[in-house]
**Student:** 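Take a look at the following structure, please.
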Amino acid sequence: MTRLPALSLALLLTAGCSLIPDTPATSPGVPAAWPEGPAYRSTAAAAPADPGREADSIGWRDAFADPRLQRAIETALANNRDLRIAVQNVALAEAQYRVQRADLFPHVGATGSFDASRTPLPVASSSVPIDAAAGITRRIYGAGIGFSTYEIDLFGRVRSLSSAAFERYLSYGETRRAAQISLIAQVANAWLAIAADEEALDLTRRTLANQQEALAITRAAFQGGTATEVALRQAQTSVETARAGLERYTRLKAQDVNALALLLGAPVPQEILPASLSSVGRAVAEVPAGVSSAVLLRRPDVLAAERNLAAANAEIGAARAAFFPSITLTANAGTASAGLNQLFGAGSGSWTFAPQINLPIFNAGQLQGSLDAARIRTDIQVATYERTVQAAFQEVSDALAARGTYDRQIAAERALVGAYQEAYRLSLLRFRAGLDNYQASLDSQRQLFQAQQELIALELQRQQNRVSLYRALGGGWQERSGTMARAGSGAS
C-alpha cells in the first residue's frame with residue numbers, strides 16, 4: 001500500500017520538467033550610437049535615458065502642447081475603431097491563454113447517469129418461439145465526480161504550450177501599444193496637414209487678390225493703348241491659375257478633414273481645427289534624441305517581436321516533449337444502484353481509476369517534422385526580431401537626419417522668399433511707372449508664389465518630422481511623462 005503514494009509523489013516531482021531551450025541569441029547589427037555627419041545635429045550634450053525604464057518615455061500630452069490637438073487625440077483614443085480592434089485582440093489572446101493554461105489542471109466534473117437495457121432469455125431450442133414478454137430488464141442509476149484524460153505533464157509539453165500562449169498574449173499587448181502610438185502620430189500629422197492647407201488657402205487668396213488687381217491695371221492699360229493684348233492674356237492666365245489653386249487647396253483641406261474624422265472615429269468639431277500652420281507655433285515639442293540606440297529595445301513593436309520569439313522557442317519544448325511517453329489519468333468516485341431510491345444507500349459506492357501510458361514508437365516522421373518546424377519558426381522569429389530593430393534604427397536615423405537639415409533648409413527658403421518679394425515689388429513698381437512690361441512682374445509673382453508654397457510644405461514637413469521622431473523613439477503609449485506623472489501623484 002505504500003507504493004502508490006510513493007509513485008504519486010514521484011510523478012508530482014517529475015511533473016513540470018521543461019524541455020524549452022534557452023532563448024536564441026540575437027544580433028541586430030545596429031551601432032550603439034546614432035549616425036553622425038553633416039546631416040545630423042550634435043547630440044553629445046544630451047543626457048542619456050535608461051532604456052529599461054518605461055517611465056522615461058515622453059507622454060503625448062507633453063509632446064503635443066496645443067489644446068486643440070490634445071482634444072483630437074483624446075477623441076481618437078476613445079473612438080478609433082482600429083485601436084478598438086487591437087484592444088479586443090489583446091482580450092482574445094488573454095482568453096486563449098487561459099484556455100491553454102487550464103490543461104495544466106484536471107478538469108473535475110460531476111456526472112449523473114441512467115442506463116436501461118433489456119436482454120431476452122435464452123431458449124433451449126431454435127424450434128421454440130421466443131416469448132416477447134420474456135426477458136431481463138436492467139436499470140442502473142449512477143452519480144459521481146471525477147476527471148478524465150488528465151495528462152501528467154512529465155516533460156513539460158502542456159506547460160510549454162501554456163508558456164507559448166502567454167508570450168503571444170504579451171505580444172498582442174505590445175502590439176496594442178504600438179497601435180496607440182501609431183494612431184497618435186497619424187492624428188497629429190493629419191491635424192498639421194489641415195493647418196498647412198489653411199496656410200496655403202490664405203496664401204492663394206492673397207495671391208489671387210494681387211493678381212486680380214494686376215489684371216485690372218493691365219486691362220485699363222490695354223484699353224488706353226499702353227499695354228499689349230499679350231500682357232492682358234498673361235495677366236488673365238495668372239488669375240485663372242490662382243483660382244485653380246484655390247479650388248485645389250479647398251479640396252485638399254476637405255479630404256484632410258475627412259481623413260482626420262476617420263482617425264477620430266467621430267465628426268471633427270470645428271473648434272479643434274487649426275487656423276493656419278503659422279498660428280500653431282511649436283505644437284509639437286522637440287524630442288531629445290541624445291540617447292543610446294538601446295532605447296529602441298523598449299519600442300512596442302520590438303518588444304512584440306521579442307515576445308513572439310519567446311513563444312516560438314516555447315513551442316520547441318512542446319515538440320521535444322512529444323517524443324517522450326505521456327501518462328493520462330481518468331478517475332471517478334460516486335455511487336450506483338439498480339433503484340433510484342437506493343442510489344445513496346449503504347453499499348452503493350463505486351470508483352474507477354484508469355491510468356494510461358502512451359509511448360511513441362512509429363509515426364512516419366511526424367514528431368521529427370513538428371520539431372523541425374518549431375525550430376524553423378524560431379529561426380524566423382530571430383530574423384524578424386533583428387529586422388524589427390534594424391527598421392527602428394533606420395526610422396530614428398532618418399528622422400534625425402531630417403531634423404538636422406530642415407532648419408537650415410527652411411532658413412534658406414525664407415531668404416529666397418524675401419528675395420522674390422523684393423524682386424516682385426521692384427518689378428511691379430517698374431511696370432506701374434511704364435519702365436517695363438508686365439511679363440517681368442508676372443514672372444516675379446509666379447516665382448514668389450512657388451517659393452511661398454514650398455516654404456509652407458517645408459514647415460509642414462518639419463513639424464511632421466518631429467512627430468515621426470517622437471513615434472520612432474517609442475513615445476505616445478502613455479498620457480504623461482514618467483517624471484511628471486510621479487510628481488503629480490505625489491502632490492495628490
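Here, residue 1 is the first one in the sequence, and each next residue gets the next number. Because the structure is predicted, anything quoted here is derived from the model rather than measured.
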**Student:** Quick check: does any side chain N or O of Q100 sit under 3.5 Å from a backbone N or O of L161, one acting as donor and the other as acceptor?
**Tutor:**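 No, Q100 side chain to L161 backbone: no donor-acceptor pair under 3.5 Å.
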**Student:** Can D372 and Q368 be counted as having a side-chain donor-acceptor contact under 3.5 angstrom?
**Tutor:** yes
**Student:** If you measure from CG on L296 to OG1 on T388, what distance do you get to the nearest 0.5 Å?
**Tutor:** 11.5 Å
**Student:** Is there a side-chain contact between V467 and L192, using heavy atoms and a 4.5 Å cut-off?
**Tutor:** yes
**Student:** As a quick check of understanding, evaluate side chain to side chain contact (heavy atoms under 4.5 Å, CB included) for L260 and D256, giving each step before the final call.
**Tutor:** CA-CA 6 Å; L260 181 61; D256 288 338; over 6 Å; no
**Student:** Step through the shown structure and confirm whether more than 12 heavy atoms of other residues, nucleotides or ligands are within 6.0 Å of OH on Y249.
**Tutor:**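 Yes, the 6.0 Å shell around OH holds more than 12 heavy atoms from other groups.
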**Student:** Between the main-chain N or O of A374 and the side-chain N or O of T378, is there a donor-acceptor pair closer than 3.5 Å?
**Tutor:**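 Between the backbone of A374 and the side chain of T378 there is a qualifying donor-acceptor contact (under 3.5 Å).
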**Student:** Is the backbone of P28 close enough, under 3.5 Å, to the side chain of Q390 for a donor and an acceptor to pair up by distance?
**Tutor:**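 Checking the backbone N and O of P28 against the side chain of Q390, a donor-acceptor pair under 3.5 Å is found.
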**Student:** Taking all atoms of both residues into account, what is the closest heavy-atom pair of R298 and L303, and its distance?
**Tutor:** O-CD1, 3.7 Å
**Student:** Carefully, step by step, assess I184 and L77 under the rule side chain to side chain contact (heavy atoms under 4.5 Å, CB included).
**Tutor:** CA-CA 8 Å; I184 291 175; L77 293 178; 4.2 Å; yes
**Student:** Taking the basic N atoms (NZ, or NE/NH1/NH2) and the acidic carboxylate oxygens, is any pair closer than 4.0 Å for E74 and R71?
**Tutor:** no
**Student:** About how many Å separate OH of Y406 and CG of L458, when rounded to the nearest 0.5 Å?
**Tutor:** 7.0 Å
**Student:** Under 3.5 Å, side chain of R81 to main-chain N/O of N79, donor-acceptor pair present?
**Tutor:** yes
**Student:** Looking only at non-hydrogen atoms, find the nearest pair between P21 and R320 and report the distance.
**Tutor:**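 Nearest pair, atom of P21 first, then R320: CB-NH1, 3.9 Å.
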**Student:** With side chain to side chain contact (heavy atoms under 4.5 Å, CB included) as the criterion, how do V295 and V396 come out once you've worked through the C-alpha distance, each side chain's angles and the decisive distance to 0.1 Å?
**Tutor:** CA-CA 11 Å; V295 73; V396 177; over 6 Å; no
**Student:** Hey, are the side chains of E198 and L277 touching, using non-hydrogen atoms and a 4.5 Å cut-off?
**Tutor:** no
**Student:** Applying side chain to side chain donor-acceptor pair (under 3.5 Å) to Y169 and E94, what does each step give before you reach the verdict?
**Tutor:** CA-CA 5 Å; Y169 159 56; E94 192 271 339; 5.6 Å; no
**Student:** Quick one: does R299's side chain get under 4.5 Å of E395's, heavy atoms only?
**Tutor:** yes
**Student:** Side chains of Y385 and E306 only: does a donor on one sit below 3.5 Å from an acceptor on the other?
**Tutor:** no
**Student:** For the atom pair CG (D398) and CG (L469), what is the distance rounded to the nearest 0.5 Å?
**Tutor:**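 So the gap between those two atoms works out to 11.0 Å.
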**Student:** Tell me whether D153 contacts the main-chain N or O of V158 through its side chain, where contact means a donor paired with an acceptor under 3.5 Å.
**Tutor:**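 The answer is yes, because a donor-acceptor pair under 3.5 Å joins these two groups.
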**Student:** Please report the shortest heavy-atom distance between R471 and S182, naming the atom on each side.
**Tutor:**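 Here R471 and S182 meet closest at CD-CA, 4.4 Å.
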**Student:** Between N80 and L262, is there a side-chain heavy-atom distance shorter than 4.5 Å?
**Tutor:**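 Side-chain contact under 4.5 Å: no.
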**Student:** To the nearest 0.5 Å, how far apart are CZ in F64 and OH in Y470?
**Tutor:** 5.5 Å
**Student:** Could you report the tightest heavy-atom contact between R408 and P38, atom names first, then the distance?
**Tutor:**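 Looks like NH2-O, 2.9 Å.
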**Student:** Take atom CZ in R68; do more than 12 heavy atoms of anything else shown fall under 6.0 Å from it?
**Tutor:**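 Buried by this count: over 12 neighbours within 6.0 Å.
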**Student:** Does a side-chain heavy-atom distance below 4.5 Å link R403 with Y40?
**Tutor:** no
**Student:** Quick check against the 3.5 Å criterion: does N89 have a side-chain atom that pairs as donor or acceptor with the backbone of R176?
**Tutor:** no
**Student:** Applying the side-chain contact (heavy atoms from CB on, under 4.5 Å) criterion to R159, which one of L19, L104, I20 satisfies it?
**Tutor:**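 Going through L19, L104, I20 one by one, the side-chain contact (heavy atoms from CB on, under 4.5 Å) with R159 is satisfied by L104 alone.
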**Student:** Step by step, work out the side chain to side chain contact (heavy atoms under 4.5 Å, CB included) result for Q96 and R168.
**Tutor:** CA-CA 10 Å; Q96 291 172 337; R168 281 190 289 268; over 6 Å; no
**Student:** Give the minimum heavy-atom separation between N308 and S171, together with the two atoms involved.
**Tutor:** OD1-OG, 3.0 Å
**Student:** Do P274 and W191 have side-chain heavy atoms sitting under 4.5 Å apart?
**Tutor:**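 Sidechains of W191 and P274: in contact.
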**Student:** Does the N465 side chain pair with the main chain of A399, one donor and one acceptor, at a distance under 3.5 Å?
**Tutor:** yes
**Student:** Are there over 12 heavy-atom neighbours, none belonging to E36, within less than 6.0 Å of that residue's CD?
**Tutor:** no
**Student:** Would you indicate whether R84, at its atom CZ, is surrounded by more than 12 heavy atoms from other residues, nucleotides or ligands within a distance under 6.0 Å?
**Tutor:** yes
**Student:** Going through the checks in order, is the salt bridge (Lys or Arg N to Asp or Glu O under 4.0 Å) test met by R251 and E247?
**Tutor:** CA-CA 6 Å; R251 178 179 67 253; E247 296 302 323; over 6 Å; no
**Student:** Quick one: are P35 and F393 in side-chain contact, heavy atoms under 4.5 Å?
**Tutor:** yes
**Student:** Excluding sequence neighbours, so at least two apart, what forms side chain to side chain donor-acceptor pair (under 3.5 Å) with R307?
**Tutor:** E167
**Student:** Between R375 and D379, does any NZ, NE, NH1 or NH2 come within less than 4.0 Å of an OD or OE carboxylate oxygen?
**Tutor:**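 R375 and D379: not salt-bridged.
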**Student:** Measuring from L203:CG to L246:CG, what's the distance to the nearest 0.5 Å?
**Tutor:** 10.5 Å
**Student:** Between Q180 and R177, does any side-chain donor sit less than 3.5 Å from a side-chain acceptor?
**Tutor:** no
**Student:** Kindly indicate whether the side chain of D202, heavy atoms from C-beta on, has any atom under 4.5 Å from the side chain of S276.
**Tutor:** no
**Student:** Is it the case that more than 12 heavy atoms not belonging to E271 sit under 6.0 Å from its CD atom?
**Tutor:** yes
**Student:** When rounded to the nearest 0.5 angstrom, what distance separates CD1 in I73 from CG in L264?
**Tutor:**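 Spacing of CD1 (I73) from CG (L264) equals 9.5 Å.
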**Student:** At their closest point, which heavy atom of W34 faces which heavy atom of L473, and how far apart are they?
**Tutor:** CZ2-CD2, 4.3 Å
